[in-house]
Amino acid sequence: MKLYNTLSRDTEDFQPQDPKNVRMYVCGVTPYSSTHVGHALSYIVFDVLRRYLEYTGYVINHVQNFTDIDDKIIAKSKEEGITENNLTTRYINDFFITMDALNVKRATTYPRATEEIPDIIETISKLIDDGYAYAVGSDVYFRVNKSKDYGILSNRSTDDMISGSRIDIDLNKESSMDFALWKGSKKDEPEWLSPWGPGRPGWHIECTTMSTKYLGNQLDIHGGGMDLVFPHHENEIAQSEAYTSEKPFSKIWMHNGLLQFGQDKMSKSLGNLVSVESALQKHSADALRLYLLSSHYRSPLNYSDEGCDAVERSLQRLRFALQPSEGTEQNLDPSNFKNDFLSHMDHDLDTPQAIAIIFDLGREINRAKESNMNVQVAQSTLTEMGAILGLTFDTPEQSSLTQAAPFVDLLVEIRQDLRESNQYELADKIRNVLASHSISIEDTSEGTKWH
RNA sequence: GGCGACGUAGCCAAGUGGUCUAAGGCGGAGGUCUGCAAAACCUCUAUUCGGCGGUUCGAAUCCGCCCGUCGCCUCCA
């Protein structure tokens, strides 16, 4: 399998250190607001990567963190008058409920920064001992100048960064590039005891501690959104390689393109977020997933309800293709479709092309059904390919209809009687009335169906 | 100022130098089926890939310049 590596800016053959097991670390969320469709994109992409790697025989150790302490979390909990832990636990639960609803497989381990403080302190201590970090009062900073390769991931030089910097220069730091590993606590802030005084970990260091602790010094895949390349992942590389003295920290760095909304990026600061919860009220999980996978994972994608609606309509055709069929003529052989599907997945997770194959097979099945062919093998292949993309092909539940079902059945029955006595005007009236309640009628060779 | 991405049909969106007179989806037009529909299926819907040059036997794909859109450099998936 080939994967694009942000580090080399090129597509490379994927070869984990261990031929059977894959160590994958995916940057998780900072839990202080509802899970939005941008998160969904990122985690669905890595879910598909994982499903595909598992399909090809690898065992995946997938670690995903929660950075459950930072400035935003502190501010939000103050605003709501609850503890930081209450706030983050609420949104971590929201995250799990959302991911389950999207059929995203659970990671192997979900470490939380606040539960790893002793290890984080140990990591920082070693960095200080080795000369990579220094304390100023109760703050600790990483000494960027000591990292010769700094900028290797985001392809920028420290000189450029300093000259174009929008950050106010902090006089405590040796260099404006240095970043905080430990932040001494201010008034009314949560704090943990440390050799440098009470405080909390800075952003970045938790990932170094957790990834090395749960996956070892070198990862096979490290992933996250494109917006994490700088400074987060750049700083992780600097810290981690300084800490372990091993390079590279991760063999492959994968970054998904960011979801746009209208003209802008969807982001917390712009406040143009669409929560997954609200998206799932309008669209099925399959439709949302298929929509997000319909453009390549490294391209930006513009989220729209219209786009999801279009995908929902297209899904209906696939669901139809999977309905049981009694064909007895020769088998439809799906092996070419499967081979094409897999070769597109092999090519840097080319889900748009893979999806095109799924639609090709769906059409082929429907065509074969009409000529009474046996399509069972082809149908199970279609289901299998869908499963690699995390699609269930489940028919969306119309829960509001279950109570009305006996009445709809009755109307359909009456309509059938009317049709048999050629009273089409009344029959069509029933159909129109049902249609106005979003219930559609289909007269098939096996009787009338409604949904 | 630095780094990077993208510009393909009415819309969304692939495209791994030659099988690209460019996948797939939505929408649209016509047809088969049907009492009529719906669904499904069939046919059609970009001789052309922002513009201009260049490399090559050959470019949507590589290189340069220009125009336009966006992202990162500050919290972010």
Side-chain angles (χ1 to χ4, degrees), chain A residues 2 6 9 11 26-30 32-33 35-46 67 70-72 75 151 154-157 159-168 203 223-232 234 255-260 263-270 273 290-291 294-296 298-302 304 306-307 309-317 320-321 340 343-344 346-348 350-360 362-363 365-371 419 422-425 427-428 431-432 435 440-445 448-451:
Chain A
K2 289 184 185 302
T6 308
R9 267 158 255 127
T11 311
V26 178
C27 273
V29 294
T30 303
Y32 70 92
S33 63
T35 312
H36 60 77
V37 287
H39 295 133
L41 168 65
S42 187
Y43 299 120
I44 284 174
V45 163
F46 289 103
T67 300
D70 90 323
D71 293 348
K72 295 275 170 72
S154 53
N155 189 31
R156 53 187 88 195
S157 73
D159 290 347
D160 293 340
M161 285 185 265
I162 291 165
S163 66
S165 178
R166 283 188 256 156
I167 318 162
D168 292 331
W203 187 38
M226 214 81 105
D227 51 352
L228 296 179
V229 174
F230 190 89
H232 188 234
E234 194 70 70
H255 297 280
N256 62 274
L258 300 182
L259 199 64
Q260 318 270 310
Q263 283 296 81
D264 301 302
K265 178 181 76 159
M266 188 178 286
S267 80
K268 290 175 180 172
S269 53
L270 291 172
L273 301 173
L290 193 59
Y291 179 70
S294 69
S295 89
H296 188 79
R298 285 192 283 118
S299 307
L301 173 67
N302 208 314
S304 78
E306 295 71 32
D309 286 339
V311 167
E312 192 79 75
R313 284 190 286 274
S314 70
L315 262 171
Q316 280 301 337
R317 216 168 78 235
F320 180 81
D340 287 349
S343 75
H344 285 127
D346 264 337
H347 188 259
D348 193 26
D350 196 346
T351 56
Q353 295 279 36
I355 288 168
I357 301 298
I358 283 183
F359 280 102
D360 286 341
R363 176 182 288 109
I365 289 172
N366 287 335
R367 187 187 300 172
K369 275 178 168 179
E370 294 196 341
S371 42
R419 291 178 68 217
N422 289 335
Q423 292 184 260
Y424 293 119
E425 246 180 72
D428 289 350
R431 182 169 64 193
N432 289 338
S440 42
I441 295 281
E442 289 176 32
D443 300 320
T444 73
S445 53
T448 300
K449 292 177 181 169
W450 63 269
H451 59 263

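Only heavy atoms go into these numbers, but all of them, side chains included; no hydrogens, no water, no symmetry mates. Residue numbers begin at 1 in each chain, while the letters A, B, ... track the order of the sequences.
Spacing between atom NE2 of A:His347 and atom P of B:A14 amounts to 14 Å, rounded to whole angstrom units. Summarising the geometry, the separation between CG on A:Asp227 and P on B:C70 is reported as 18 Å, rounded to the nearest angstrom. Going from atom CD of A:Gln353 over to atom C1' of B:G15 covers 6 Å, rounded to whole Å. Atoms CG (A:Asp360) and P (B:A14) sit 17 Å apart, rounded to a whole Å. If you take CD of A:Glu306 and C1' of B:C11, they are 10 Å apart, rounded to a whole angstrom. Per the geometry, CE belonging to A:Met226 stands 9 Å off P belonging to B:A5, to the nearest Å. If you measure from atom CG of A:Asp309 to atom P of B:C12, you get 15 Å, rounded to the nearest angstrom. Summarising the geometry, the separation between CZ on A:Phe359 and C1' on B:A14 is reported as 13 Å, rounded to the nearest angstrom.
Residue whose closest nucleotide on RNA chain B sits further toward the 5' end, between A:Asn256 and A:Ser343: A:Ser343. Ranked by how close their nearest RNA chain B nucleotide is to the 5' end, A:Ser154 and A:Ser42 are led by A:Ser154.
For the OP1/OP2 pair of B:C41 and a distance below 4.0 Å, the side-chain nitrogens and oxygens of A:Arg317 include at least one atom meeting the criterion.
A:Asn366 comes within 4.0 angstrom of sugar-phosphate atoms only, judged by non-hydrogen atoms across all strands, and of no base. If you check every strand for non-hydrogen atoms under 4.0 Å, A:Asp428 touches a base. No engagement by A:Gly151 is indicated, since no non-hydrogen atom pair under 4.0 Å with the nucleic acid exists. Within the 4.0 angstrom heavy-atom criterion, only backbone atoms of the sugar-phosphate kind lie near A:His296; the bases stay farther away. At a threshold of 4.0 angstrom between heavy atoms, the contacts of A:Ala356 include nucleobase atoms, whether or not backbone atoms are also involved. Within 4.0 Å (heavy atoms only), A:Arg298 reaches no atom of the nucleic acid at all. Within the nucleic acid shown, A:Gly224 comes within 4.0 Å of sugar-phosphate atoms alone, with no base atom in reach, counting heavy atoms only. Residue A:Ser440 is out of contact with every strand shown, counting any heavy-atom pair closer than 4.0 Å. Note on A:Leu228: only backbone sugar-phosphate atoms sit closer than 4.0 angstrom, heavy atoms only; bases stay farther off. Residue A:Arg419 is classed as a base contact, given a heavy-atom separation below 4.0 Å to a base. The residue A:Asp348 sits apart from the nucleic acid: no heavy atom pair falls under 4.0 Å. If you check every strand for non-hydrogen atoms under 4.0 Å, A:Phe46 touches nothing. Contacts of A:Leu301 with the nucleic acid, taken as non-hydrogen atoms under 4.0 Å apart, involve only primed sugar atoms and P, OP1 or OP2. Across all strands shown, A:Thr444 has no heavy atoms under 4.0 Å from either base or sugar-phosphate atoms.
Distances were taken from every side-chain heavy atom of A:Asp350 (C-beta onward) to each of B:G25, B:C75, B:A14; the shortest belongs to B:A14. Of all nucleotides listed (B:C42, B:A14, B:G35), B:C42 comes nearest to the side chain of A:Arg367. Listed nucleotides B:A39, B:A77, B:A14 differ in distance to A:Glu442; the shortest reach to its side chain belongs to B:A39. When distances are taken from the side chain of A:Phe230 to each of B:C41, B:A13, B:C72, the shortest belongs to B:C72. Checked against B:G4, B:A14, B:C72, the side chain of A:Asn155 finds its nearest nucleotide in B:G4.
In this structure the side chain of A:Ile355 reaches within 4.5 angstrom of the side chain of A:Leu290, judged on heavy atoms. Inter-residue side-chain proximity for A:Arg431 and A:Asp443 is flagged as met; some heavy-atom pair is nearer than 4.5 Å. Inter-residue side-chain proximity for A:His296 and A:Asp350 is flagged as met; some heavy-atom pair is nearer than 4.5 Å. Side chains of A:Arg317 and A:Arg363 form a contact here, defined as non-hydrogen atoms less than 4.5 Å apart. With contacts defined as side-chain heavy-atom distances shorter than 4.5 Å, the pair A:Glu442/A:Trp450 does not qualify. With contacts defined as side-chain heavy-atom distances shorter than 4.5 Å, the pair A:Asn155/A:Arg9 qualifies.
Taking the C1' atoms as reference points, B:A59 lies 16 Å from B:U47, given to the whole Å. Using C1' as the reference atom, B:A46 and B:C12 are 15 Å apart when rounded to the nearest Å. Using P as the reference atom, B:A60 and B:A38 are 40 Å apart when rounded to the nearest Å. Taking atom C1' on both nucleotides, B:U43 is separated from B:C52 by 39 Å, rounded to a whole Å. Using C1' as the reference atom, B:A5 and B:G10 are 26 Å apart when rounded to the nearest Å. When the C1' atom is used for both B:A13 and B:U56, the distance is 30 Å, rounded to whole Å. Using atom P as the reference point in both B:G17 and B:C11, the two lie 28 Å apart (nearest Å). Spacing between B:U19 and B:G71 at atom P, rounded to whole Å, works out to 36 Å.
Figure legend. B:C6 is base-paired to B:G68; pairs are counted as Watson-Crick or G-U wobble with both atom distances under 3.5 Å. Under the Watson-Crick and G-U wobble criteria, each requiring two contacts below 3.5 Å, nucleotide B:C62 is paired to B:G54. When both distances must be under 3.5 Å, the Watson-Crick or G-U wobble mate of B:U19 does not exist. Base pairing of B:G30: its partner is B:C42, meeting the Watson-Crick or G-U wobble criterion (both donor-acceptor distances under 3.5 Å). The nucleotide B:C49 finds no pairing partner, because no Watson-Crick or G-U wobble arrangement with both distances shorter than 3.5 Å includes it.
If you check distances only, the side chain of A:Arg431 does reach the base of B:C36 with a donor-acceptor pair under 3.5 Å. Contact annotation: side chain of A:Asp70 to base of B:C75, donor-acceptor pair absent below 3.5 Å.
Ring centers of A:His39 and A:His36: under 6.0 Å apart, within the cut-off.
Judged by distance alone, the side chain of A:His347 and the main-chain N or O of A:Ser343 form no donor-acceptor pair under 3.5 Å.
Scanning both residues, A:Gly225 and A:His255, for their nearest heavy atoms gives O-ND1, 3.4 Å.
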